[in-house]
Amino acid sequence: MNLQERDFFDETPRPKPAQLVCPHCRQPNQYALMWIERRKKTALPARADAEDRVRFAKAQSYLVRRDDKVSCLNPRCRKTFEISGLQTVVFL
Ligand SMILES: [Zn+2]
């Protein structure tokens with residue numbers, strides 16, 4: 001059986017600030033968005049086969065954004081909006 005992505009990476013939650021503008025009230029605010037850091041492991045498990053080794057050699061550490069919606073911080077708005085114009089994956 002082939003190894004899964006989680007056998008290649010260690011996962012760590014990483015909050016990152018982002019400046020977003022609410023599409024409802026147009027107010028810009030700083031939001032702490034949750035990302036998951038997938039840091040490439042230093043070694044593969046012993047059960048890795050030749051194909052896994054090739055995949056692992058090509059693998060790169062990256063951040064993937066977990067939040068795709070936020071609630072507006074403006075107390076008079078508080079509406080939920082989708083995050084747009086922001087990357088969902090960042091290679092490290
Ligand atoms: Zn708003």
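Values below: all heavy atoms of this structure, side chains included; hydrogens, waters and symmetry mates excluded. Each ligand, and each atom within it, is numbered from 1 in the order the structure gives.
Hydrophobic clustering of Ile, Leu, Val, Met, Phe, Trp and Tyr side chains at less than 4.5 Å, counting indirect connections, keeps F9 apart from W35. Taking hydrophobic clusters as Ile, Leu, Val, Met, Phe, Trp and Tyr residues chained together by side-chain heavy-atom distances below 4.5 Å, I83 does not share a cluster with V21. Both F91 and F8 belong to a common hydrophobic cluster when Ile, Leu, Val, Met, Phe, Trp and Tyr are linked at side-chain heavy-atom distances under 4.5 angstrom. Note on L73: it does not cluster hydrophobically with M34, by side-chain heavy-atom contacts below 4.5 Å among ILVMFWY residues.
The salt bridge (Lys or Arg N to Asp or Glu O under 4.0 Å) test with E11 singles out one residue from R38, K40, R66, and that residue is R38.
For a distance threshold of 2.8 Å, the protein N, O or S atoms nearer than that to the Zn ion (ligand 1), listed by chain and number, are C22 SG, C25 SG, C72 SG, C77 SG.
The side chain to side chain donor-acceptor pair (under 3.5 Å) check on D68 picks up nothing, with sequence neighbours excluded.
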